[in-house]
Amino acid sequence: MGDELTMRFYRLSCALALSGVLLMAAPHLSAQEQQPPPPQPTPATEDAQAAPPTTVTKEKSPPVVMPVFTDYKGVTIGMSAVDVRAKLENLKQKTKTQDFYAITDAETAQVYYDGKGLVSAISINYIGTESGAPDALAILGQDILPNDKGVVYKLVRYPAAKYWVSYSRTAGDSPITTVTIKKMR
């Protein structure tokens, strides 16, 4: 029963990870991620043109936003596969490009590696209301309202950290929550 559940969970995790990759390919940004348009020059009046400027003001650059979610059980983007395998337990499958961990019956993790064997992405899946899944506030630092079907999804890019973090939760009595952190190109 345990192996069958693990395999079903693994297949579901793979499907969710693939759907997350496909979602990332979609060219969309939330309103929060969009940059405001640059200020447009306004026509100057004759008086303003005649008077020399007395002060020069410099526009403030936007604050650097750092992620709330930076690691999974001590595993971070850029860590070596050897170090990951020393930190995480319950390794069920490993390849050169990906490891699959069944942390509990309700929690799995997939760690992806780049060509140098360094972590390029981490995807964690939690199944059910008793899985211990974190909420969006703990992952993204903000609450997210579900859509009209009860699904919660948000991706936030952190250019200064050079990765993005997404949070997804399905609707229903036994929701699946997926938290993904991925290195930006």
Side-chain angles (χ1 to χ4, degrees), residues 1-24 64-144 146 151-172 174-185:
M1 177 67 178
D3 287 338
E4 181 183 330
L5 181 61
T6 299
M7 285 310 296
R8 285 192 345 203
F9 203 66
Y10 173 71
R11 287 186 196 110
L12 179 61
S13 297
C14 290
L16 287 170
L18 180 58
S19 67
V21 169
L22 294 175
L23 283 172
M24 298 304 92
V64 175
V65 178
M66 295 305 289
V68 174
F69 181 72
T70 59
D71 69 278
Y72 173 69
K73 298 184 183 285
V75 175
T76 61
I77 298 292
M79 183 179 274
S80 74
V82 171
D83 291 340
V84 170
R85 292 172 185 150
K87 284 208 175 280
L88 295 180
E89 297 178 3
N90 301 322
L91 177 64
K92 295 298 180 188
Q93 186 178 25
K94 73 177 182 176
T95 68
K96 197 174 184 180
T97 59
Q98 175 185 347
D99 288 347
F100 175 76
Y101 295 87
I103 307 301
T104 67
D105 286 343
E107 180 180 344
T108 64
Q110 292 169 273
V111 180
Y112 299 88
Y113 302 104
D114 63 16
K116 296 177 184 175
L118 303 176
V119 175
S120 61
I122 307 164
S123 184
I124 309 101
N125 294 303
Y126 303 88
I127 294 182
T129 56
E130 302 298 319
S131 64
D135 60 11
L137 183 62
I139 299 299
L140 301 175
Q142 57 186 287
D143 284 322
I144 304 167
V151 175
V152 174
Y153 176 78
K154 177 114 177 132
L155 178 141
V156 180
R157 289 176 176 82
Y158 300 99
K162 298 183 179 162
Y163 58 82
W164 54 257
V165 178
S166 71
Y167 181 89
S168 173
R169 187 185 70 229
T170 62
S174 186
I176 299 170
T177 302
T178 302
V179 175
T180 305
I181 180 171
K182 185 172 186 327
K183 180 179 176 181
M184 295 170 78
R185 293 179 190 194

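Both backbone and side-chain heavy atoms feed into the values below; hydrogens, waters and symmetry mates do not.
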For I127 against S174, the heavy-atom pair lying closest together: CG2-OG, 4.0 Å
Nearest-0.5 Å distance that lies between atom OH in Y112 and atom OG1 in T95: 10.0 Å
Could you pull out every donor-acceptor pair under 3.5 Å between side chains of residues 73-83 and any protein atom, sequence neighbours left out?
unit_1, atom_1, unit_2, atom_2, d
S80, OG, D83, N, 3.1
S80, OG, D83, OD2, 3.2

Side chain proximity check, W164 to T180, heavy atoms < 4.5 angstrom: yes
Check: K183 and L118 side chains under 4.5 Å, non-hydrogen atoms: no
Least distance between heavy atoms, I103 atom then E89 atom: CD1-O, 3.9 Å
Side chain Y167, main chain P134, donor-acceptor under 3.5 Å: yes
Verdict with reasoning, V156 to V165, per side-chain contact (heavy atoms from CB on, under 4.5 Å): CA-CA 6 Å; V156 180; V165 178; 5.6 Å; no
CG on D71 to CD1 on I122, rounded to 0.5 Å: 7.5 Å
Distance in Å, K94 NZ paired with R85 CZ, rounded so as to fall on 0.5 Å steps: 5.0 Å
Nearest heavy atoms of I139 and V68, plus distance in Å: O-CB, 3.6 Å
Contact summary for Y72 and I124, nearest pair of heavy atoms: CD1-CG1, 3.6 Å
Atom pair CD/NZ of Q110 and K92 - distance to nearest 0.5 Å: 14.5 Å
Polar side-chain atom of S131 near backbone of E107 as donor-acceptor pair, under 3.5 Å: no
Heavy-atom closest contact (T178 atom, S123 atom, distance): CG2-OG, 3.6 Å
Polar side chain donor-acceptor pair, Y113 to D99, under 3.5 angstrom: yes
Partners meeting side-chain contact (heavy atoms from CB on, under 4.5 Å) with A161 (sequence neighbours left out): M66, P67, Y158, Y163
